[in-house]
Amino acid sequence: MNNALSEISFLYYLENKHQGDVSNALTYEAHLSTDMYGMKGEPLPYQLRSDWMVTGVLFLCFIMVSYVLSHGKTHLIEKFKNFFSTKERVNLFDTASDMSHTLFLIFQTCLLLGFCTFDYFFDHYNAIFTYVSHQIVLVTFIAIYMVYFALKWLSYTFVNIILFNKTKAKLWNEAYFNVVIWAGLLLVIPVLLIVFFNLSPRLTFIFVSIIVIISKFLLVYKCFTNFFNRIRYSFHFILYFCALEIFPDLIFWKGIMLWDNYWF
């Protein structure tokens with residue numbers, strides 16, 4: 001009797017051992033096949049609309065434009081009308097609120113110009129993004145444009161006070177930053193198309209170039225009417241405009257390209 005029970009127990013032991021060996025063999029085979037024949041998943045490509053920094057910039061622009069249009073729409077319309085009229089003095093009724101609206105919209109232009117430059121480098125010189133994060137590049141471009149416009153304001157003020165007078169210098173600064181504001185409002189359209197509809201780099205370049213060309217023509221008109229409103233001053237006008245508007249833009253763009261090459 002005891003021998004029979006021992007044999008049965010031994011058979012149970014062999015059966016359990018066999019099942020354990022089979023289970024271990026299947027698990028090992030599955031693990032081995034996964035290690036040998038599996039493939040890594042590919043990360044999703046970078047998209048502008050999925051970047052939190054890009055979304056934040058667009059949201060900030062929307063907030064600023066909405067605030068200005070709801071509180072200072074009359075002020076903007078008045079500036080647009082006065083731009084095409086010849087004034088002999090600055091507006092004495094501008095309030096601190098009007099100045100804050102102007103600064104808000106200039107800052108918005110810096111945001112959008114920084115984003116357009118960011119998109120240009122992303123399409124044509126994207127090797128920089130292997131060394132620097134997308135957020136840092138975008139913030140850097142925005143900061144560069146803020147410094148650029150501050151330096152342009154200082155240079156125009158200094159030169160115009162020396163060559164002309166304070167009144168004409170203030171009139172020019174007001175006209176210049178009005179053009180900057182309008183360019184920023186127009187840039188909203190191509191920026192939205194870039195982010196949400198993947199606008200091609202070629203069409204982006206065309207749209208932004210048209211806005212820049214229109215801005216330059218407006219500045220040429222205002223420069224001529226404000227400072228050089230006689231035909232005999234044409235040479236002085238060309239020299240003035242090229243030295244303070246065209247040449248600094250070329251140096252500015254060359255500086256950005258050198259900054260990009262710094263990372264290689």
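What's counted below: heavy atoms across the whole structure, side chains too, no hydrogens, waters or symmetry copies.
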Original post:
Where do Met64 and Leu105 land on the side chain to side chain contact (heavy atoms under 4.5 Å, CB included) test, with the steps shown first?
Top reply: CA-CA 7 Å; Met64 288 190 296; Leu105 293 178; 5.7 Å; no
Original post:
Going through the checks in order, is the side chain to side chain contact (heavy atoms under 4.5 Å, CB included) test met by Glu245 and Val220?
Top reply: CA-CA 10 Å; Glu245 187 61 32; Val220 167; over 6 Å; no
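- Cluster membership for Phe158 and Phe164, using ILVMFWY side-chain heavy atoms within less than 4.5 angstrom, is shared.
- The shortest distance between side-chain heavy atoms of Cys242 and Phe247 does not fall below 4.5 Å.
- For the atom pair Leu218 CG and Asn178 CG, the distance stands at 10.5 Å (nearest 0.5 Å).
- Leu187 contributes atom CG, which lies 8.0 Å from atom OG of Ser215 (distance to the nearest 0.5 angstrom).
- Contact check for Leu193 versus Phe207: side-chain heavy atoms found under the 4.5 Å cut-off.
- The distance from atom CG of Leu113 to atom CE of Met146, rounded to the nearest 0.5 Å, is 12.5 Å.
- Taken to the nearest 0.5 Å, the CD1 atom of Ile194 stands 10.0 Å off from the CG atom of Leu203.
- Between Tyr67 and His101, the ring-plane angle classifies as perpendicular under the 30° and 60° cut-offs.
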**OP:** Would you check, one step at a time, whether the test side chain to side chain contact (heavy atoms under 4.5 Å, CB included) holds for Leu219 with Phe241?
**Re:** CA-CA 9 Å; Leu219 290 176; Phe241 195 79; 3.9 Å; yes
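- Taking the six-membered ring for Trp and the full ring otherwise, the centers of Phe141 and Phe121 sit less than 6.0 Å from each other.
- Under the 4.5 Å side-chain heavy-atom criterion for Ile, Leu, Val, Met, Phe, Trp and Tyr, Leu111 and Ile63 are members of distinct hydrophobic clusters.
- The closest side-chain heavy-atom distance from Thr157 to Lys170 is not below 4.5 Å.
- In this structure the side chain of Val188 never reaches within 4.5 angstrom of the side chain of Cys61, judged on heavy atoms.
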**OP:** Would you check, one step at a time, whether the test side chain to side chain contact (heavy atoms under 4.5 Å, CB included) holds for Leu185 with Gln108?
**Re:** CA-CA 8 Å; Leu185 294 176; Gln108 181 217 239; 4.1 Å; yes
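- The aromatic ring centres of Tyr120 and Trp253 sit less than 6.0 Å apart.
- A distance of 6.5 Å separates CZ in Phe252 from OG1 in Thr117, rounded to the nearest 0.5 Å.
- Under the 4.5 Å side-chain heavy-atom criterion for Ile, Leu, Val, Met, Phe, Trp and Tyr, Ile161 and Trp172 are members of distinct hydrophobic clusters.
- At most 12 non-hydrogen atoms from other residues, nucleotides or ligands lie less than 6.0 angstrom from CZ of Phe217.
- Looking at heavy atoms from C-beta onward, Asn165 lies in side-chain contact with Lys168 at the 4.5 angstrom threshold.
- Heavy atoms of other residues, nucleotides or ligands lying less than 6.0 angstrom from CD1 of Ile246 number more than 12.
- Once rounded to the nearest 0.5 Å, the distance linking CE of Met53 with OG of Ser133 reads 8.0 Å.
- Screening Leu112, Val57, Thr204 for a side chain to side chain contact (heavy atoms under 4.5 Å, CB included) involving Val191 leaves a single residue, Leu112.
- Both Val54 and Phe197 are part of a single hydrophobic cluster, where members link through side-chain heavy atoms under 4.5 Å apart.
- Lys152 and Tyr176 are linked by a side-chain donor-acceptor pair at a separation below 3.5 angstrom, with hydrogens and angles left out of the test.
- Contact annotation: the side chain of Pro190 approaches that of Ile211 to within less than 4.5 Å [non-hydrogen atoms, C-beta and beyond].
- Between Tyr240 and Tyr156, the two ring planes are tilted [angle within 30° to 60°].
- When the side chains of ILVMFWY residues are joined at heavy-atom separations under 4.5 Å, either directly or via intervening members, Met257 and Ile251 end up in two distinct hydrophobic clusters.
- Residues Tyr145 and Val180 have side chains not in contact (no heavy-atom distance under 4.5 Å, counting atoms from C-beta outward).
- The ring of Phe149 has its center no closer than 6.0 angstrom to the ring center of Phe107.
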